[in-house]
Amino acid sequence: MRSSRTTRTTSQIPAARPDSGSPAAADTLVVGGGIIGLVTAWRSAQRGMRTTVVDPGPGGGAAQVAAGMLAAVTELHYGEEDLLGLNLASAARYPDFAAELEEASGQEIGYRACGTLAVALDADDRADLRELHALQRRCGLESQWLSGRECRRLEPMLAPSVRGGLRVDGDHQADPRRLAAALLLACERAGVTFLRASAVAVSVTHDRATGVTLDDGRAVRAGQTVLALGSYASKLAGLPPELVPPVRPVKGQVLRLRMLPSAYGPFLSRTVRAVVRGGHIYLVPRTNGELVIGATSEELGWDTTVTAGGVYELLRDAHELTPGLTELPLTETGAGIRPASPDNAPLLGPTTLPDLHLATGHYRNGVLLTPVTGDAMGELLATGELPRQARPFTPRRFTRQGHSSTHRSPAAATPTGSEPQEQSA
Ligand code: GLY
């Protein structure tokens, strides 16, 4: 996780040392090596651009915690119909994306077309689920209402108290850790350069983004710079206030258990989700025996502490859903950060500062949106145009109307009267 990053003021940024051992200039510089940064870098390199990723630990980040549900239908929310279109488009790309990435990396990513069952435990939960079903139908989505008995026939480990559920055969899963590892390998094989360092500031020269300054003072120059730092993008110095990505951290705690082989079949054969007394829970079973249970949703800044309360609530609700779960070994607890935007949708594409792009704000859908994000960013970097489907997610939707495309850093805006200088502003 990236919980060790700290905010720096401009005066704390090491002075740029552009002439002393600076890395080679790139066509594309991707700042942040989580799955979104890696897929962007991979697509950029595939299109023949010299591509560099800056990250102290590429392949880390939220992918090391996330469960990897590809839940376009079961995580549908009111008011997110535009996002639904992007989520469905990305879900549809997953089989080809998985095959291409596995071929390019030689690594499996745990893509599993297992489907999902969303269940209700009491009358209020059932009313919630009925509303979700109605919304799904209005959006033309496939989901089938089942009685409690029908749910238990599909998943015999479910509690007798399950009152009904929605069978959604189109919501699948991938393993985010294997996805990150495969993307890292695919990037390396495609010739992406990795700089294992932290970026502290965006460099602006003649009112264009020209790369970043690293924490050791080196400057990295680039034709185009992509910020794929999740919510940490808002901590980078050098951006005028209106360009700071409006992305905030939302903490999620997650558990990992090991399902034991049983003569009676698998513990669970598909993803199971539920609302338990208003709290959302999901259980994601992998073919390798791992069972991921998530997740809390906490607005606590960049805190990634695993708390007794978080673990207790997850186990309590999971036990209510599948009582046999207490027999399973608990192998891991963890906490990660979801990058949430004001409308819960990602920020994809150019900012109003020339040559500065964003690929962030994926919130609950980072793993799901990885294929479509890679395709959109690759197209943008190569042609200067976002594909039509990605255009509603431009970061410019949060930028003041009529704002000038000329940006000056606070330093450059001081009345020195000097010529524009390269700076880490
Ligand atoms: N999409 C699952 C989560 O955000 O917890």
Side-chain angles (χ1 to χ4, degrees), residues 1-3 30-46 51-70 90-91 93-114 172-198 226 228-230 232 252 254-258 271 284-292 294-295 304 331-339 359-360 362 365-375 377-378:
M1 301 305 301
R2 295 204 186 94
S3 51
V30 180
V31 188
I35 52 175
I36 295 300
L38 291 176
V39 78
T40 300
W42 183 40
R43 292 308 191 198
S44 166
Q46 282 180 319
T51 303
T52 296
V53 172
V54 170
D55 194 302
Q64 296 304 314
V65 179
M69 286 179 299
L70 309 176
S90 206
R93 285 176 209 200
Y94 242 98
D96 288 347
F97 172 78
E100 184 190 355
L101 180 55
E102 288 177 354
E103 170 76 25
S105 65
Q107 299 260 328
E108 292 191 358
I109 67 160
Y111 175 67
R112 188 175 168 214
C114 59
H172 303 315
Q173 61 160 295
D175 183 336
R177 291 178 175 176
R178 293 159 91 186
L179 172 63
L183 282 168
L184 202 49
L185 272 168
C187 281
E188 282 167 359
R189 290 183 177 182
V192 173
T193 300
F194 286 91
L195 291 175
R196 286 174 167 76
S198 293
V226 180
L229 281 163
Y232 295 96
V254 169
L255 312 177
R256 284 178 158 78
L257 286 73
R258 188 155 46 80
T271 298
V284 183
R286 305 217 194 285
T287 44
N288 65 5
E290 183 176 75
L291 179 67
V292 186
T304 53
T331 54
E332 196 180 322
T333 61
I337 297 292
R338 306 176 185 88
T360 185
H362 291 68
N365 299 307
V367 179
L368 171 60
L369 289 174
T370 295
V372 83
T373 298
D375 291 350
M377 298 307 291

Would you mind reporting whether Glu108 and Arg178 have side-chain heavy atoms less than 4.5 Å apart? yes
List the atom of Ile337, the atom of Ala62, and the distance in Å for their closest heavy-atom pair. O-CB, 3.8 Å
Starting from the C-alpha separation in whole Å, work towards a yes-or-no answer on side chain to side chain contact (heavy atoms under 4.5 Å, CB included) for Val31 and Tyr232. CA-CA 10 Å; Val31 188; Tyr232 295 96; over 6 Å; no
Mind checking whether Gln64 and Pro176 have side chains closer than 4.5 Å, heavy atoms only? no
Side-chain contact, heavy-atom cut-off 4.5 Å: Thr52 with Val30? no
Please report the C-alpha distance between Glu290 and Arg112 in whole Å, then the side-chain angles of each, then the deciding distance to 0.1 Å, and finally whether the salt bridge (charged side-chain N to carboxylate O under 4.0 Å, His left out) criterion is met. CA-CA 13 Å; Glu290 183 176 75; Arg112 188 175 168 214; over 6 Å; no
Work out which heavy atom in Ala359 is nearest to a heavy atom in Thr40; give both atom names and the distance. CB-OG1, 4.3 Å
Check: Trp42 and Val53 side chains under 4.5 Å, non-hydrogen atoms: no
All N/O donor-acceptor pairs, side-chain side in residues 183-191, below 3.5 Å, sequence neighbours left out:
from: Arg189; atom 1: NH1; to: Ala104; atom 2: O; distance (Å): 3.1
from: Arg189; atom 1: NH1; to: Ser105; atom 2: O; distance (Å): 3.4

Carefully, step by step, assess Ser90 and Thr370 under the rule side chain to side chain contact (heavy atoms under 4.5 Å, CB included). CA-CA 7 Å; Ser90 206; Thr370 295; 6.0 Å; no
Are any side-chain N or O atoms of Asp55 and backbone N or O atoms of Gly33, one a donor and one an acceptor, separated by less than 3.5 Å? yes
Could you tell me whether the side chain of Cys114 reaches within less than 4.5 Å of the side chain of Thr271, counting heavy atoms only? yes
Closest heavy-atom pair, Val367 versus Ala174, reported as atoms and distance to 0.1 Å, is CG1-CB, 4.3 Å
Is the shortest heavy-atom distance from the side chain of Ile109 to the side chain of Tyr94 under 4.5 Å? yes
So do Tyr111 and Leu70 actually touch side chain to side chain, heavy atoms under 4.5 Å? yes
Please name the pair of heavy atoms, one in Ala180 and one in Leu38, separated by the smallest distance, quoted to 0.1 Å. O-CD1, 3.8 Å
